[in-house]
Amino acid sequence: MELAYIPSPSSGVLYLGPVPLRGYAFCIIIGVFVAVWLGNKRWVARGGRAGTVADIAVWAVPFGLIGGRLYHVITDYQLYFSEGRDWVDAFKIWEGGLGIWGAIAFGALGAWIGCRRRGIPLPAYADAVAPGIAFAQAIGRWGNWFNQELYGRATDLPWAVEITSSSDGRVPGTYHPTFLYESLWCIGVAVLVIWADRRFKLGHGRAFALYVAAYCAGRFWIEYMRVDEAHEILGLRLNNWTSVLVFLLAVLYIVLSARKRPGREDVVEPGAVTSETESDSETESKSDSDSAKDSDSAKDSESAKDSDDSGDSEESKDGAAGSLKKS
């Protein structure tokens with residue numbers, strides 16, 4: 001008998017009048033806003049313009065959603081194209097099903113397009129948004145809670161999640177909340193990247209690579225706990241192998257990048273530097289102009305004072321001469 005557990009929502013949809021508010025989509029949207037907000041703060045701190053992160057996100061987010069959905073549909077094609085399934089469901093993204101590997105890959109492609117249009121180096125942009133992406137994942141994982149999906153083995157631990165749905169092969173009971181484990185892990189990854197970036201001044205894409213490596217390390221053991229249907233290779237789930245491969249590539253990038261381009265970029269957005277230089281020049285010119293005006297005012301004041309002193313002296317002389325004549 002379970003003494004405690006995390007209850008699952010009875011429905012993944014809330015209705016605001018006739019408008020459906022889907023929990024999964026709501027979590028994704030909040031995550032995107034958090035990622036853009038934090039990315040903007042970090043970008044400005046590195047010398048970029050405010051608003052640039054959001055402008056590039058206009059490209060990155062749609063590409064990421066498309067890529068994430070494509071990866072999910074391709075790797076779990078049996079959910080949509082096997083006998084008795086409706087292939088139209090492959091387009092129902094609000095019902096869940098986004099593969100992080102496809103989302104990051106296609107999102108990076110969209111970001112590259114946006115950066116190229118702005119003349120910004122993609123690695124610098126990736127470093128700025130890396131912790132925000134991790135926080136977005138942490139928030140987005142709660143969408144799986146609304147959909148009663150991505151849970152692990154059965155357990156009676158007090159933080160087990162209760163599954164009440166019996167659709168799509170689910171068996172009601174209490175299970176390891178792997179969505180919660182991944183959410184907490186992603187928060188830790190974001191904090192790690194922020195700390196390491198401040199401590200070691202990571203640049204040229206290494207902060208982003210650290211995020212990727214740290215996420216993959218957690219995803220491996222969390223994926224190993226999951227019990228939902230998945231393709232396996234040599235006894236391991238496909239996403240376990242993907243985690244290992246991407247982890248190794250991220251670590252390799254950190255090592256090679258540190259040797260080839262140590263330190264951090266001096267300029268992340270050339271236009272921002274030009275604007276700041278012009279602003280500084282205008283400020284200096286205004287200061288010089290104000291100083292010149294103050295100097296001219298001081299000279300005029302001294303001249304007026306000298307004139308007054310001269311007039312007073314003449315009046316004194318005239319007065320003295322008159323007194324002598326009267327004498």
Check: H231 side chain, T75 main-chain N or O, donor-acceptor pair, under 3.5 Å: yes

Close side-chain approach of I56 to V129, heavy-atom, < 4.5 Å: no

Straight-line distance of M225 CE to Y175 OH, nearest 0.5 Å: 13.5 Å

Flag side-chain contact, heavy atom, 4.5 Å: I120 against W43: yes

Between Q137 and Y211, a side-chain donor and acceptor under 3.5 Å: yes

Candidate pair V212 and Y253, rule side chain to side chain contact (heavy atoms under 4.5 Å, CB included), full reasoning: CA-CA 11 Å; V212 172; Y253 179 87; over 6 Å; no

Cluster check F146, L184: I/L/V/M/F/W/Y, side chain < 4.5 angstrom: yes

Euclidean distance, L245 CG relative to N240 CG, rounded to 0.5 Å: 12.5 Å

Gap separating the CG atom of L238 from the CD atom of E223, nearest 0.5 angstrom: 8.5 Å

L65 side chain reached by I28 side chain, heavy atoms, under 4.5 Å: yes

W101 and S243, any side-chain heavy atoms less than 4.5 Å apart: yes

Residues D197 and R46 bridged, charged N to O under 4.0 Å: yes

Within one Ile-Leu-Val-Met-Phe-Trp-Tyr cluster: I30 and L21, side-chain cutoff 4.5 Å: yes

Common cluster, W221/Y215, ILVMFWY with side-chain heavy-atom separation under 4.5 Å: yes

Point-to-point distance, once rounded to the nearest 0.5 Å, from CH2 of W37 to CZ of F135: 9.0 Å

Remaining members of hydrophobic cluster (4.5 Å side-chain criterion), L79: V73, Y77, Y80, F81, W87, V88, F91

Nearest heavy atoms of G263 and H204, plus distance in Å: O-CD2, 3.4 Å

Close side-chain approach of I100 to R219, heavy-atom, < 4.5 Å: yes

N144 side-chain N/O to E149 backbone N/O, donor-acceptor pair under 3.5 Å: no

Evaluation steps, side chain to side chain contact (heavy atoms under 4.5 Å, CB included), between F208 and L122: CA-CA 11 Å; F208 184 81; L122 177 61; over 6 Å; no

Linked, directly or transitively: L150 and W185 (ILVMFWY side chains, under 4.5 Å): no

W241 side chain to I233 backbone, donor-acceptor under 3.5 Å: yes

For A207 against A130, the heavy-atom pair lying closest together: O-CB, 4.1 Å

Distance (rounded to the nearest 0.5 Å) between W195 CH2 and L192 CG: 7.0 Å

Under 3.5 Å donor-acceptor, R69 side chain and G97 backbone: yes

CZ (R261) with more than 12 external heavy atoms under 6.0 Å: yes

T178 side chain to R226 side chain, donor-acceptor N/O pair below 3.5 angstrom: no

E162 side chain to P172 backbone, donor-acceptor under 3.5 Å: no

Carboxylate-amine/guanidinium proximity below 4.0 Å for R117 and D55: no

Side chain proximity check, Y181 to R141, heavy atoms < 4.5 angstrom: no

Contact summary for A160 and P177, nearest pair of heavy atoms: CA-CD, 4.2 Å

For the student: nearest non-hydrogen atoms of W142 and S183, plus distance: NE1-OG, 3.3 Å

Side-chain donor-acceptor contact under 3.5 Å, N239 with Y71: yes

Which atom of V13 lies closest to which atom of P20, heavy atoms considered: CG1-CB, 3.8 Å

Residues L236, V244; criterion side chain to side chain contact (heavy atoms under 4.5 Å, CB included); working and verdict: CA-CA 11 Å; L236 285 178; V244 172; over 6 Å; no

Hphob cluster co-occupancy, V32 + V58, side-chain heavy atoms under 4.5 angstrom: no

Side chain to side chain, D127 and V268, heavy atoms closer than 4.5 Å: no

Distance-only side-chain donor-acceptor flag, T52 / E269, under 3.5 Å: yes

Verdict with supporting geometry, D228 and R237, side chain to side chain contact (heavy atoms under 4.5 Å, CB included): CA-CA 10 Å; D228 53 305; R237 295 163 66 96; 3.2 Å; yes

Heavy-atom neighbours of Q78 CD exceed 12 at 6.0 Å: yes

L202 versus A196, closest heavy-atom pair with distance: CG-O, 3.9 Å

Gap between atom CD1 of I163 and atom CD1 of I6 - 0.5 Å precision: 10.0 Å

pair F33-I139: side-chain heavy atoms closer than 4.5 Å: no

Test item: R206 side-chain N/O and R264 main-chain N/O as donor-acceptor pair under 3.5 Å: no

W159 atom CH2: more than 12 heavy-atom contacts under 6.0 Å: no

Ring centres under 6.0 angstrom apart (W145, Y151): no

